[in-house]
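Have a look at the structure below before the remarks.
Note: hydrogens, waters and symmetry copies are ignored here, and every other heavy atom, side chains too, is used.
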Amino acid sequence: MGGGKPALHRNTLKYLMKKPLVISLLMALTCALLPSTPARAADAPVAKTKPSTTPPETKEHKDARMAWWREAKFGMFIHWGLYSVPGGYYHDKPVGGFGEWIMNKGKIPVAEYADFAKQFNPVKFNADEWVKIVKDAGMKYIVITSKHHEGFAMFHTKVDEYNIYDATPFKRDPIAELAAACRKQGIKLGLYYSQNLDWHHPGGGTRGNWDPAQAGDVDKYVDGVVIPQLKELLTQYGDISVLWFDIPGWPVDNKHRPERIYKAVMECRPDIIMNDRLGCKGDTATPEGFIPPQGYPGKDWETCMTINGTWGYKKESNKFQSTETLLRNLIDIASKGGNYLLNVGPDAEGVIPAGEVQPIAAIGKWLQVNGEAIYGTSATLFGEECGTFSATEKDKKGEPLFTATWDWRCTVKPGTTYIHILKWPGASFTLDTKGKLGAVTKAYMLADSSKSPLTVTMDGVKLTVILPEKSPDPIASVLVLETAVGVR
């Protein structure tokens, strides 16, 4: 008697366990409740990661997991850390290279570099203002450095006191404040984490150490610093949407290290999006500082670029790229099926330089009018328009020279083709459709709120559209072609 209730409980549990959301919540709870991996003794054997028995992710689940990211197209990269204090100078002399590499380029001793924390008090930092800058720019997500190669945590970690809360006069956690601001304003938050290059912690500075304090056991560093900090980041700050690793591979190729890290991440957030720089698996390819000529067909990819030639803040890096260049980059990347992660480098006071804010604010105004032609689009129908590598022409380094036609670009949604006109052709726009475009039922300029139809003629596969007298936008104007049969 009374045996029905336990049976009902078991059946209900079996039903719930089939639901991905329930599984994700249970795994995250388990990760949060488990203690962080203790630091491994230097002479203890390395625990090999057992081969995963989890079945491969289905295409349907991956498509659902990646949906928001594929829709977003445009995000902000933020490099911010102790390196903003020296701002590219060491002992009053400029240090070459990127601002965030000053510890390495200047060969600054570990203890001396750590003293910068005493000067780091970014009292002008305002998470709500930062997120508003992102939102006004039309960006949909942020990726910020939670720990860069300098080893300094920009969050309140319990691993050690080398973090912005414990080691600086600031006594605040900017990652927590950004997480709250992102939730309030509807922006996705992602975190950059340097997993195998750390010039502060013993065992982490594995590439050309210059200070004896950097020597140590790599596996002890992974198990005692990397994995515990990642668990903190993935369980204590709400919905972290992206995890952005950097510089894959250790001096000795040990696959068990990235696999251990990957396993720890999956235990905490199995639906998170990760880039391809961990050294195993990964969702997104990450071309850095360039746009691949043809994109990466069939892959999710994201070009990351700086506005002024450095990722981290440098006092004299004030040659900012123009709105025209940045906007055309966004259009070019979207036309090849990628995302654009555009970097800013806040200063030691917590201020994003005005020279970086102004051009992205102008992009935001363009997107208010033309965002339909960027967000949620697919790559061009006309691959030749992307540009190619010339087999005969070479650059100064002897590499094949990339040649591209910058007159126009194309993005696509089902039933709609967007032609981004970058050089106004005059009275009409002519396109060789190569039979890839369905019958055009209507054409109009996206900037025209009334969608007044433009005259369209077809001569075989040659399409001609009579354009307005003047270009609606001085940088890029979008011509919309609606087709009777959905494309893609």
Side-chain angles (χ1 to χ4, degrees), residues 39 78-125 144-177 191-218 220-221 224-226 228-229 232-233 246-247 310-317 344-353:
I78 303 176
H79 276 64
W80 194 37
L82 276 189
Y83 40 81
S84 66
V85 174
Y89 279 78
Y90 178 47
H91 292 326
D92 297 323
K93 294 182 179 180
V95 178
F98 295 129
E100 72 283 2
W101 275 74
I102 188 171
M103 184 180 179
N104 174 282
K105 297 298 183 181
K107 297 296 181 283
I108 304 175
V110 170
E112 184 178 349
Y113 189 85
D115 280 342
F116 284 130
K118 299 173 184 177
Q119 305 171 45
F120 194 23
N121 191 21
V123 292
K124 294 183 180 179
F125 167 71
I144 184 171
T145 50
S146 64
K147 178 177 79 76
H148 204 268
H149 309 327
E150 64 181 3
F152 186 78
M154 292 295 289
F155 63 103
H156 191 195
T157 178
K158 302 301 190 295
V159 169
D160 60 24
E161 293 186 350
Y162 196 55
N163 66 80
I164 192 169
Y165 188 93
D166 292 315
T168 77
F170 192 49
K171 302 302 178 188
R172 285 162 55 187
D173 186 334
I175 300 300
E177 294 178 28
L191 299 175
Y192 168 111
Y193 187 90
S194 178
Q195 79 282 7
N196 79 332
L197 190 55
D198 183 326
W199 302 315
H200 177 85
H201 293 92
T206 55
R207 295 168 187 264
N209 291 347
W210 58 91
D211 186 334
Q214 295 168 321
D217 183 270
V218 179
K220 184 176 180 179
Y221 162 71
V225 178
V226 175
Q229 286 190 337
E232 291 174 328
L233 289 167
D246 203 4
I247 307 183
T310 181
W311 301 93
Y313 176 75
K314 294 187 76 172
K315 296 173 183 177
E316 295 183 353
S317 292
V344 299
D347 64 21
E349 292 186 308
V351 176
I352 300 173

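- The minimum heavy-atom distance linking Phe120 with Ser84 is given by the pair CE1-OG, 3.7 Å.
- Checked by atom type and distance alone, the side chain of Gln195 pairs as donor or acceptor with a backbone atom of Asp246 at under 3.5 Å.
- Heavy atoms only, all atoms of each residue included: Pro202 and Ala215 are closest at CB-O, 3.3 Å.
- To the nearest 0.5 Å, atom CD of residue Gln229 and atom OH of residue Tyr193 are 3.5 Å apart.
- Rounding to the nearest 0.5 Å places CG of Leu233 at 4.5 Å from OG of Ser146.
- Residues Lys314 and Gly88 come closest through the heavy atom pair CE-CA, 4.0 Å.
- Two residues are said to be in side-chain contact when any heavy atoms from C-beta on lie closer than 4.5 Å; His201 and Asp160 meet this criterion.
- For the atom pair CZ (Phe152) and CG (Leu82), the distance works out to 4.0 Å, reported to the nearest 0.5 Å.
- Between atom CE of residue Met154 and atom CZ of residue Phe170 there is a gap of 8.0 Å, rounded to the nearest 0.5 Å.
- Side-chain contact between Ile164 and Arg172 is absent, with no heavy-atom pair separated by less than 4.5 Å.
- Environment of OH in Tyr165: sparse, with no more than 12 heavy atoms of neighbouring residues, nucleotides or ligands closer than 6.0 Å.
- Scanning both residues, Glu150 and His200, for their nearest heavy atoms gives O-CB, 3.3 Å.
- The distance from the CD atom of Glu232 to the NZ atom of Lys158 is 6.5 Å, given to the nearest 0.5 Å.
- For Trp80 and Phe125, the ring centers are positioned less than 6.0 Å apart.
- For Trp311 and Tyr83, the distance between ring centers is not under 6.0 angstrom.
- Counting heavy atoms from C-beta outward, Tyr221 and Asn196 have side chains that stay 4.5 Å or more apart.
- Nearest heavy atoms, Tyr162 versus Gly151: CD2-O, 3.4 Å.
- More than 12 heavy atoms of other residues, nucleotides or ligands sit less than 6.0 Å from atom NZ of Lys171.
- Between Ile144 and Ile175, the closest side-chain pair of non-hydrogen atoms falls below 4.5 Å.
- Other residues, nucleotides and ligands place no more than 12 heavy atoms under 6.0 Å from the CD atom of Glu161.
- What you find for Pro169 and Ala117 is that their closest heavy atoms are CD-O, 3.5 Å.
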I'd like to know whether Lys147 forms a salt bridge (Lys or Arg N to Asp or Glu O under 4.0 Å) with Asp198, so could you lay out the CA-CA distance, the side-chain angles of the two residues, the decisive distance to 0.1 Å, and finally the verdict. CA-CA 9 Å; Lys147 178 177 79 76; Asp198 183 326; 3.0 Å; yes
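- For Asp211, the salt bridge (charged side-chain N to carboxylate O under 4.0 Å, His left out) test picks out no residue, with sequence neighbours left out.
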Give the table of side-chain donor-acceptor pairs shorter than 3.5 Å for residues 94-111, with sequence neighbours excluded, one pair per line with atom names and distance.
unit_1: Glu100; atom_1: OE1; unit_2: Gly312; atom_2: N; d: 2.7
unit_1: Lys107; atom_1: NZ; unit_2: Asn104; atom_2: O; d: 2.8

